[in-house]
Number of protein chains: 2
Amino acid sequence: MAKISDVAREAGVSVATVSRALNDHPNVNPEYADRVRAAAAKLGYRPNGIARSLRRQSSDVIALIISDVSNPFFTAITRGVEDVAQRSGYSVLLCNADEDSAKEATYLRVAEQEQVAGVILSPHMAGSDVSRLRGANIPLVVIDRPLNEPVDSVMVHSREGAESATNHLLDAGWTRPACITGPEEAATAQERLQGYLEAVRQHGNLDELFVHAPFRQHGGARAASELLDAEVAPDALFVANAQMTLGVLDELKRRGLRIGRDIGIITFDDAPWAPFISPPMSVVAQPAYDIGAQAAQLLMERIRGTAPAERRQLTLSTTLIVRESSQRSWGMR
Amino acid sequence: MAKISDVAREAGVSVATVSRALNDHPNVNPEYADRVRAAAAKLGYRPNGIARSLRRQSSDVIALIISDVSNPFFTAITRGVEDVAQRSGYSVLLCNADEDSAKEATYLRVAEQEQVAGVILSPHMAGSDVSRLRGANIPLVVIDRPLNEPVDSVMVHSREGAESATNHLLDAGWTRPACITGPEEAATAQERLQGYLEAVRQHGNLDELFVHAPFRQHGGARAASELLDAEVAPDALFVANAQMTLGVLDELKRRGLRIGRDIGIITFDDAPWAPFISPPMSVVAQPAYDIGAQAAQLLMERIRGTAPAERRQLTLSTTLIVRESSQRSWGMR
DNA sequence: CTGAAAGCGCTAACAG
DNA sequence: CTGTTAGCGCTTTCAG
């Protein structure tokens, strides 16, 4: 690999001039600059990012650490992050924490050791340890799930979304809605459960039916199974994410339960497949792309130092999309 | 951030000894080693990965550059890669080339500049330029789509899969199968089309109906629309990936065409939602997790230098999973 | 077995 | 405006 000194020799100037020319510094003789560029092109020179980062104490990549790469919600966020980061000249390195604190810690360490310019994280737990990032002075913005400490963040009004979903189920005529939510340590799981509980309580004398499970397909299947086996089984389900819903669908199918007749269902997240299952799935859509875009925007401002000192917390709203899975087909009973 | 010299001072030894102790070098006084570890822990020392990489001329992260992060096929591959990389002590940085040669080139450059230990790439085109990687001596293994030059690779028998899918459609009684495939520059698109064509030709006097479109939801929708608007419309569809299929479903719905009655359909890739749409989708499943795991395995061997000199090309097989979308419901016509 | 010292490739003072 | 030079933090000869 050609290095900067090779280019300097080829162009007949000093390494400093090469560095300045290639980094578009204001005061450099245009003729030299041309010679440098020509020499660099001829040798196929590429700056060594490692050396540059070591010297500058920062790089032009950011890390996006998400909870689950196979969840469409997070990949939609990814696109939002990428679009704005790219526009600012940053590359984004995606890290899949896989709903696992240990992996998350590993990637946080990698981010620190690789001196990324900033990180966007959906923390596995509110207690996730980001102290090293602070220590290394790496800007952080948190998405989807809150952290115990003050930090820039982009969240969504999960509780409200859950409440409106549950109310919608009740309005549609279902009488025993249950909630399948994520693990207890996940704040989003708690909020969505809270939304459900509030709706149910406001309605008066309704059982509070809910179960916690991993935010995964198998989690949804297990939870549905548990609920359906109970003495007082629900006649409608509010599911806290799309991955779980796939598992729920599996379980419903296994039991021969017909959605819209035997059971109603509505889920968080407007997965790409939601309109195409049978019957089409009603959902509480999160503005995933925007979450990513806004988070990246905040991060860019922090990196550039143009952000105000105080922490900024954005909270975006969900939108209820009623399709058919949550409707009750009276005539067909 | 504490640096190695701080630890050295704290432990009362030289930086060289700290380095050796922390990197488990064979010959270091156990007592010193303990003191070093204690000092490191006390100061919360973390080695600076950048500096280490600069000196060692390599790091312990690998880059996985995929074509589309929102395609479940690629996220499944990701899990395979992560599992084996992690087992070998490597972290994987995921890069979303987004079916875009420019973005791919950017990430290839980042990989080079960041001196990753190796890269796994699903090339956007056979002509993707990986010469800089070679120049920088960074091992590469290619997945899903071939490259013009010789390189370690893990592919799948796309042509055979496509052929069996098309034959299955024909066996099921459909008489005018068409193929919706990816863009012409994508080798996988070509292979799947070839498989379709072969099946159709073997069958004798059948029209060859196909259209190229982007490997995306909107691409599938557009292609379906085009095919369905033709004078000789198909009565069955073989679609080259799951993303496109979502678009096809959309278009079919818009036109009120009933799958299994008005039209048959089978797709590449066993997306998580495939069993749950109506009717359940027949698919040609690719061993995505294995592709990732095998590729990572090859890469690890190259990185360690334990791989044989010659290039290794693995080609995995698909499996046909017949559900209902490809079956013809005679009785219901 | 340990320490001193030489860089890895680059950028940023600083001096000219 | 340009060149010389001192590091960024770490690993690894090379002496001792």
Under the salt bridge (Lys or Arg N to Asp or Glu O under 4.0 Å) rule, what do A:Asp60 and A:Arg52 come out as? Steps first, then yes or no, please.
CA-CA 10 Å; A:Asp60 57 357; A:Arg52 170 181 285 174; 5.3 Å; no
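- In this entry the distance linking CG of A:Leu43 with C1' of C:dG9 reads 15 Å, nearest Å.
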Given the rule in the side chain to side chain contact (heavy atoms under 4.5 Å, CB included) test, do A:Ile303 and A:Tyr90 qualify, once you have shown the distances and angles that lead to the verdict?
CA-CA 11 Å; A:Ile303 291 174; A:Tyr90 285 82; 3.2 Å; yes
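- Annotation: side chain of B:Thr106 is in contact with side chain of B:Arg109 (closest heavy-atom distance under 4.5 Å).
- For B:Val15, taking side-chain heavy atoms from C-beta onward, the closest of the listed nucleotides C:dG9, C:dA5, C:dT11 is C:dA5.
- Counting non-hydrogen atoms under 4.0 angstrom, B:Ser19 reaches a base of the nucleic acid.
- Residue B:Ser14 has no polar side-chain atom (N or O) positioned under 4.0 Å from OP1 or OP2 of C:dT2.
- When DNA chain D is scanned in the 5' to 3' direction for atoms under 4.0 Å from non-hydrogen atoms of chain B, the outermost contacting nucleotides are D:dG9 to D:dT13.
- A:Lys3 places its NZ atom 16 Å from the C1' atom of C:dT11, with the value rounded to the nearest Å.
- Annotation: side-chain contact (heavy atoms from CB on, under 4.5 Å) contacts of B:Ala189 (sequence neighbours excluded): B:Thr181, B:Ala186, B:Phe215.
- No hydrogens or angles were tested; on distance alone, a donor-acceptor pair under 3.5 Å links the side chain of B:Arg20 to the base of C:dG3.
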Side-chain donor-acceptor pairs under 3.5 Å in residues 127-135 of chain A, sequence neighbours left out?
residue, atom, partner, partner atom, Å
A:Ser128, OG, A:Glu104, OE2, 2.5
A:Ser128, OG, A:Met125, N, 3.3
A:Ser128, OG, A:Met125, O, 3.1
A:Asp129, OD1, A:Ser131, N, 2.9
A:Asp129, OD1, A:Ser131, OG, 2.7
A:Asp129, OD2, A:Ser131, OG, 3.4
A:Arg132, NE, A:Glu112, OE1, 3.4
A:Arg132, NE, A:Glu112, OE2, 3.4
A:Arg132, NH1, B:Gly44, O, 2.9
A:Arg132, NH2, A:Glu112, OE2, 3.3
A:Arg132, NH2, B:Gly44, O, 2.8
A:Arg134, NH1, A:Glu149, OE1, 2.7

For the pair A:Arg216 and A:Glu99, evaluate salt bridge (Lys or Arg N to Asp or Glu O under 4.0 Å) and give the outcome as yes or no after the intermediate values.
CA-CA 9 Å; A:Arg216 309 268 197 181; A:Glu99 299 287 7; 5.8 Å; no
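- Rounded to whole Å, atom P of C:dG7 lies 19 Å from atom CD1 of B:Ile4.
- One interatomic measurement links the two molecules: CG of B:Asp34 to P of C:dT2, which rounds to 12 Å at whole-angstrom precision.
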Working for salt bridge (Lys or Arg N to Asp or Glu O under 4.0 Å), residues A:Lys3 and A:Asp6
CA-CA 5 Å; A:Lys3 40 212 257 196; A:Asp6 298 327; over 6 Å; no
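- For the salt bridge (charged side-chain N to carboxylate O under 4.0 Å, His left out) condition, no pair includes a residue of residues 116-126 of chain B, sequence neighbours left out.
- Residue pairs meeting the salt bridge (charged side-chain N to carboxylate O under 4.0 Å, His left out) criterion with at least one member in residues 291-301 of chain B, sequence neighbours excluded: B:Glu301-B:Arg312.
- For DNA chain C, the neighbouring residues in residues 48-61 of chain B, judged by any heavy atom under 4.0 Å, are B:Leu54, B:Arg55, B:Gln57.
- Between B:Gln115 and B:Pro30, it is B:Pro30 whose nearest contact on DNA chain C lies nearer the 5' terminus.
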